[in-house]
Amino acid sequence: MLDIAILRKEPELLRRNLEKRFSDIDVDRLLELDKKLRKQKAELDNLLSNRNKLSKEIGIRKKKRENADDLIKKVNETAERIKETEALYNEKYDEFMKIWLLVPNLLDDSVPFGKDENDNVEVKRWGDIKNFDFKPLEHFEIATKLDILDFERGAKLSGSRFVVYKGAGARLERALINFMLDLHTKQHGYKEIIPPYIVNEEVMVGTGQFPKFRDEAYETDGQYLIPTAEVPLVNLHREEILKESDFPIKYVAYTACFRKEAGSYGRDVKGIIRQHQFNKVELVQFTKAEDSFDALEELTNDAQEVLRLLGLPYRVVILSSGDIGFSAAKTYDIEVWLPGQNRYREISSCSNTLDFQARRASIRYKKDSKMHFPHTLNGSGLAVGRCVVAILENYQQEDGSVKIPEKLVPYFGSEFIR
RNA sequence: GGAGAGGUGGCCGAGCGGUUGAAGGCGGUUGACUCGAAAUCAACUGUGCGCAUCUGCGCACCGCAGGUUCGAAUCCUGUCCUCUCCGCCA
C-alpha cells in the first residue's frame, strides 16, 4: 500500500508509475472517491460529535436527578441521520479500498522501462560456461535415467506439476537446503525460522498476494498455503511497533511453497522447473528506510554466494517495469545457466518493497517520537528445486552420472550420483 | 471433539452503563541531583483518520463483527484467538 499522500499530492507521479507498469488503475476515480470519502467523514464526525456532547449533558443531568427528556428527544432526531451517514461512509470506504489495495508499488528510478522479461537489463555475469564434448541433456532426462525424480508417480499421486524425489535426488535436495541454511545463518547473519505453511487472509494481504493474486493460492478452510516463505516471514512482525535498535532484522527460512500456477498452462511442463509444490530457502530483511537499497545489494549478494560456492554460472538482471512484481520497487533476478536448455533461468528473485508491505501489514518503528514504516526486502536464497536442475545440467558427465559440487559433498555424502 | 477461564495501551494490570482514551505499576523520553553512573524526585509518554497547520480541534479504537441504549471497555448475540482440564493423536 502506498502513502495516500502520494495520491493526493502527486497524482501525476502515480499516473506515470501505473503507465510504466501497464496498469489500468483509474487514478481519477481514486481521487474522486478519496474526496468524497473525506467529505463524508467530516459530516459523520460532526454528527457524532454533536451526539457525544448531548449524551454527556444528559449524563450530567441524570446524575443531578434532573429531567433530560428534551435533550433525549433532540438526540433521537439525529439518530437516523447518523445511521445513514455512517452507512454511506462505510460504503465509500470499501469502494476506495477495493481499488487502493490493487495499486502496485512505486518503481525505483533505476528500474528500466519495458514490456516484459525481454526488457530486463543484465547487470552482472559470473562463472565460466562449460563446453561439453557431448550434447548436454536437460535435467529431467538426466534425472529419469538416474531414477532420482519420478514424474509419473508424482502425477499419479497428485496430478501434473507434482514430482517424487527418490534416493540420491531426495538426498541432494536435502543437502542443498542444509547447505543454504548453514551459509546464511553462519556467514550472513540471518536468523533461522520455521514458520507455519498455512496462513490467514490478512497475512496474504499484508505481503501483497491478496486481493490481486487470489487465484494463485491454494485455499483450505478459509486459510491459505504459503506461495513463499516471504509471506509468513514478513508478517511475523505485522501490527507490531519495533524499536529503531532492532534493525536490521534478517530472517532465513526453508519452507515448501505452493502455487496454483494459474495461467501458466503449457509453460515448463517438463521437469521440475515449475511445480505446484516446491522447496525454497527464503531471505527476508527489515531495515530502516534509509538502509534498504544497500540491504538489497547485500541480500542479492547473499543469494549469489550460494551459486558461487556451488560453481554454477549465473547472471543478474534488473527486472523491467513490465516484468517486476506488484509489491516490489526494484527487483534483481538471479538467473543460473542451464546447459541443457542452453540459456539462463531464474533461480532467485530479490526485491526491495520499500514501505509497501510494512504499510499493508502495519509494521512500524518509533524514531524521534514519530512513527515510521520500516522497509522490507525478500529474496530466494535459493529456489532448491531449480538448484537441483542447475547441478544436474552443469555437472552432468558423459557417462550419465552427475558430479557433486565440492562444497556440497560434505552435505551430500558422496562425490557422484551414478 | 467435550468442559471451564480469559482476551484492556510497548509490557503487566484495574475498571464492569455516564465528564474513562481508560487507575496503578513496569518500560521509555526529558529535567533536577551527580565529576559521571546508579538510586531518588518531577514532568511527559497509545494508535489511526479528518480538519487546521503557529500552540490546536474533532472522530474512531479496550480481540473482531453486529445489537440494545440518549450514552457501551462495561449489557446482549455471533465469531476468532489464547489458556486450563478431559478425550483423541504425530
Side-chain angles (χ1 to χ4, degrees), chain A residues 1-9 30-101 103 194-206 210 219-224 232 235-247 249 256 286 288 355-374:
Chain A
M1 201 159 61
L2 297 176
D3 184 348
I4 195 141
I6 291 167
L7 172 69
R8 290 174 188 165
K9 293 179 187 160
L30 276 169
L31 281 166
E32 186 194 323
L33 283 170
D34 178 53
K35 206 173 157 187
K36 281 188 185 165
L37 190 58
R38 285 196 273 175
K39 204 182 143 201
Q40 207 64 236
K41 159 103 173 141
E43 198 181 326
L44 179 62
D45 282 358
N46 275 332
L47 289 168
L48 290 172
S49 173
N50 191 38
R51 186 184 72 182
N52 288 346
K53 271 184 215 144
L54 288 169
S55 292
K56 223 165 237 182
E57 185 63 28
I58 291 166
I60 291 166
R61 280 208 204 170
K62 291 244 162 153
K63 209 154 224 179
K64 290 196 253 174
R65 297 176 167 271
E66 290 174 8
N67 187 289
D69 288 352
D70 57 326
L71 292 178
I72 291 174
K73 198 180 158 208
K74 218 167 151 188
V75 179
N76 280 334
E77 282 165 11
T78 59
E80 194 63 25
R81 250 191 96 199
I82 287 176
K83 217 165 199 173
E84 281 168 18
T85 311
E86 194 170 27
L88 215 58
Y89 173 77
N90 287 335
E91 194 183 302
K92 287 270 173 299
Y93 180 82
D94 291 345
E95 206 177 332
F96 177 81
M97 283 311 288
K98 204 172 162 188
I99 306 177
W100 191 235
L101 283 173
V103 175
I194 300 180
Y197 291 7
I198 299 175
V199 297
N200 298 331
E201 168 103 19
E202 312 84 74
V203 169
M204 293 291 271
V205 173
F210 285 4
E219 192 232 324
T220 167
D221 283 330
Q223 294 185 302
Y224 304 89
N235 279 285
L236 228 40
H237 294 296
R238 69 175 292 107
E239 281 155 41
E240 286 184 20
I241 298 169
L242 299 162
K243 291 201 291 279
E244 195 184 352
S245 58
D246 291 336
F247 300 103
I249 299 171
F286 299 73
K288 289 187 274 182
D355 61 2
F356 189 82
Q357 293 179 325
R359 283 179 186 278
R360 283 184 165 237
S362 191
I363 305 165
R364 293 156 295 169
Y365 68 98
K366 226 170 203 169
K367 185 183 172 186
D368 306 326
S369 73
K370 274 173 70 183
M371 283 299 176
H372 296 263
F373 291 99

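Below, chains carry the letters A, B, ... as their sequence lines are ordered, and counting in each starts from 1.
One can place NZ of K370(A) at 16 Å from P of G46(B), the figure rounded to the nearest angstrom. If you measure from atom CD of E239(A) to atom P of G9(B), you get 12 Å, rounded to the nearest angstrom. Between M371(A) atom CE and U45(B) atom P the separation is 15 Å, expressed in whole Å. Rounding to whole angstrom units, NZ of residue K243(A) and P of C11(B) are separated by 11 Å. Rounded to whole angstrom, the span from the CG atom of N76(A) across to the C1' atom of U69(B) amounts to 10 Å. In this structure, CG of D246(A) is placed 19 Å from P of G27(B), rounded to the nearest angstrom. Per the geometry, CZ belonging to R238(A) stands 19 Å off P belonging to U47(B), to the nearest Å. Between the C1' atom of U19(B) and the CZ atom of R61(A) lies a distance of 15 Å, rounded to the nearest Å.
Here the closest heavy-atom approach between residue R360(A) and residue V205(A) is recorded as NH1-O, 2.9 Å. Shortest non-hydrogen contact noted between M371(A) and K366(A) is CE-CE, 3.8 Å.
Only the C1' atoms considered, C16(B) is 34 Å distant from U29(B), to the nearest whole Å. Nucleotides C88(B) and G1(B) are separated by 15 Å at their P atoms, to the nearest Å. Nucleotides U79(B) and C85(B) place their P atoms 26 Å apart, quoted to the nearest Å. Nucleotides G27(B) and G66(B), compared at atom C1', are 37 Å apart to the nearest Å. The separation of A14(B) from U68(B), taken at their P atoms, amounts to 32 Å, rounded to a whole angstrom. Distance check on atom P: C41(B) versus A22(B) gives 25 Å, rounded to whole Å. Here, U47(B) and U34(B) have their C1' atoms 38 Å apart, quoted to the whole Å. A distance of about 16 Å separates the C1' atoms of C61(B) and G7(B), rounded to the whole Å.
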Are Y224(A) and F210(A) close enough, and set up right, to give a ring-ring contact (aromatic ring centres under 6.0 Å, His included), and what steps lead you there?
CA-CA 11 Å; Y224(A) 304 89; F210(A) 285 4; 4.7 Å; yes

Run D45(A) and K41(A) through salt bridge (Lys or Arg N to Asp or Glu O under 4.0 Å) and show every step you take.
CA-CA 6 Å; D45(A) 282 358; K41(A) 159 103 173 141; 3.3 Å; yes

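Remark: side-chain polar atoms of N50(A) are not paired, donor with acceptor, to backbone N or O of N46(A) under 3.5 angstrom. Looking only at distances, no side-chain donor or acceptor of R51(A) sits under 3.5 Å from a matching main-chain atom of V75(A). In this structure a side-chain-to-backbone donor-acceptor pair under 3.5 Å is present from N235(A) to V203(A). Judged by distance alone, the side chain of R61(A) and the main-chain N or O of L71(A) form no donor-acceptor pair under 3.5 Å. N67(A) places a side-chain N or O within 3.5 Å of a backbone atom of D69(A) that can act as its donor or acceptor partner. Side chain of R364(A) to backbone of I241(A): no donor-acceptor contact under 3.5 angstrom is found.
One finds a side-chain N or O of K366(A) lying less than 4.0 angstrom from the OP1 or OP2 phosphate oxygen of U47(B).
For I241(A), taking side-chain heavy atoms from C-beta onward, the closest of the listed nucleotides G10(B), G48(B), G71(B) is G10(B).
Taking the nucleotide of RNA chain B with the nearest heavy atom to each of K56(A) and R364(A), the more 5' of the two is matched to K56(A). Mapping K62(A) and N90(A) onto RNA chain B by nearest heavy atom places K62(A) closer to the 5' end of the strand.
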Can you check each nucleotide of nucleotides 49-64 of chain B against protein heavy atoms at under 4.0 Å and return B for base, S for sugar-phosphate only, - for none, in 5' to 3' order?
BSS------BBS----

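A salt bridge links R81(A) with E43(A): the distance from a Lys NZ or Arg NE/NH1/NH2 to an Asp or Glu carboxylate oxygen falls below 4.0 Å. Here R38(A) pairs with D34(A) in a salt bridge; the nearest charged N to carboxylate O distance falls below 4.0 Å.
In summary, of the residues considered (L48(A), T78(A), L47(A)), a side chain to side chain contact (heavy atoms under 4.5 Å, CB included) with T85(A) occurs for L47(A) alone.
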What pairs of nitrogen or oxygen atoms, one from the protein and one from nucleotides 77-83 of chain B, lie under 3.5 Å apart?
none

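For RNA chain B, the stems formed by at least three consecutive Watson-Crick or G-U pairs, with both atom-pair distances below 3.5 Å, span B:1-7 with B:80-86, B:10-12 with B:24-26, B:27-32 with B:40-45, B:46-51 with B:56-61, B:63-67 with B:75-79.
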